[in-house]
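The next block holds one structure in the form of structure tokens; read it before the comments.
Both ligands and their constituent atoms are indexed starting at 1 by order of listing. For reference, positions follow the sequence shown, starting with 1.
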Amino acid sequence: MSTAQPRVGFVSLGCPKALVDSEQILTQLRAEGYKTSKTYDGADLVIVNTCGFIDAAVQESLDAIGEALAENGKVIVTGCLGAKKDAAGDDVVAKVHPKVLAVTGPHASQEVMRHVHLHLPKPHDPFVDLAFARIADHGVKLTPKHYAYLKISEGCNHRCSFCIIPSMRGDLVSRPIGEVVREAESLLKSGVKELLVISQDTSAYGVDLRYRTDFVAGRPVRTRMTELVRELATLASGHEAWVRLHYVYPYPSVDEVLPLMAEGKVLPYLDVPFQHAHPDVLRRMKRPASGEKNLDRIQAWRAMCPDLVIRSTFIAGFPGETEAEFRYLLDFLEEARLDRVGCFAYSPVDGATANALGGALPVEVRDERRARFMAVQEAISARRVRRRVGTLQRVLIDEVGPDGAIGRSYADAPEIDGNVIVAPPSSASGRLAWRQKVGVGAFTTVRVTAAAGHDLRGELA
Ligand code: SF4
């Protein structure tokens, strides 16, 4: 029977939000009895989920489509690049790769499935339908078994001048809170130990639904960030799991979740994409919460939760950024003492309104500012990491090898932050006991002995 089952190859590119889209499509494929293939020649058709944000991502996606066409020939394209048009108003993908079978935008699993059915008819096997209906409870996950992204909304109501995501993913559409909590519960029951809440703007969760009341286990609960975090915290504590919040904007309402962090119910970790500090640059960027006093807010958060770790991203060399505005940003960094920070030199994105702003800076100036930014921030991050030497940290193990284990503390989100490297003891008997305590997806307590760049080193406590 298995040889008769149609096989689909899948290439997934882009951010965690795109990864969740891939998981939804793969879940649907499996639920309908399609098999997946790890090779192009073993597949009857290939789906490429693309990213269309910055130029490098566009090129990577176009190359991946080209490779799939050359190696397999039957290709369906989905994702952000699928929704992108060039300056002449033509579809970017169709123009470069006219032989693709179909192109959809992001978050379009039903549309993708329609194209799959058309080009690779669905297998009709009632046994398969039944068997896979169970798998579809919590779906196919592309992350390791012990952590999962939990997407709470799609799209964005803001119009940041450097960003084209709203034109690709549309306005904010929040998932009702009951549905999100049910998915979280199913993930936790399947063994997930860390839920990573993602969206384009987590603080705006429920705005589009006017914070409508939904039902969680029969109780009325509003579809709103604080209520969601509270529900997830309660669920996670029953499964000894972590909840981590990403893409939170510094609105006053965020203050409401800080007590939950201080009480240890949610990880004291906030991923807040500030992008800049100078009010005039933030206005030109049309950033959400640009009128907020961010330094005051950070201080207030730390007063409520002294262990809070803040991650952020910034853009250096935005059009019109003066040297004085850039220095203001460096002063902000010194005062804010953020823990984890990424910085991009500004690069224009096709279709972004910032392209019409004027005052574009030469590439060398943008690169030089980014380098100065990183030099300042790296010293700050190193100091922040060193503060944890000598402490005991709860660590979630991601990998175990012959030379030790690699895990993460509450301060480290997967893929983007540092690691905690746990050395095995030198004696053979010690190693045996060590192996029993240190497994992938297990929590363990580590005494931190040293800092190395963004990472920590330690031994089992
Ligand atoms: S908040 Fe701004 S940067 Fe983020 S997705 Fe929305 S428009 Fe883009």
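There is no side-chain donor-acceptor pair under 3.5 Å between Ser61 and Thr50. Residues Thr104 and Thr78 bring a donor and an acceptor atom of their side chains to less than 3.5 Å of each other. No side-chain donor from either of Glu227 and Tyr211 sits under 3.5 Å from a side-chain acceptor of the other. Residues Tyr249 and Arg287 bring a donor and an acceptor atom of their side chains to less than 3.5 Å of each other. Remark: the Tyr269 side chain and the Asp417 side chain contain an N/O donor-acceptor pair separated by less than 3.5 Å.
Looking at Pro273 against ligand 1, nothing comes within 4.0 Å, counting heavy atoms. Residue contacts with ligand 1 for Cys156 involve side-chain atoms from C-beta outward but no N, CA, C or O (heavy atoms, distance under 4.0 Å).
For the pairing with Tyr247, the side-chain contact (heavy atoms from CB on, under 4.5 Å) check across Thr202, Asp201, Val197 returns one residue only, Thr202.
Atoms of ligand 1 found under 4.0 Å from any heavy atom of Gln200 (numbered from 1 in listed order, with element): 5 (S). Close contacts of ligand 1 with Arg287, meaning ligand atoms under 4.0 Å from a residue heavy atom, involve 2 (Fe), 3 (S). Near Pro166, meaning under 4.0 Å from one of its heavy atoms, ligand 1 places the atoms 7 (S). Atoms of ligand 1 lying under 4.0 Å from any heavy atom of Tyr249, numbered from 1 in the order shown and given with element: 1 (S), 4 (Fe).
Closest to atom 7 (S) of ligand 1, if we only count protein heavy atoms, is Cys160 N, 3.4 Å.
Residue Cys163 counts as close to atom 8 (Fe) of ligand 1, with an N, O or S atom under 2.8 Å.
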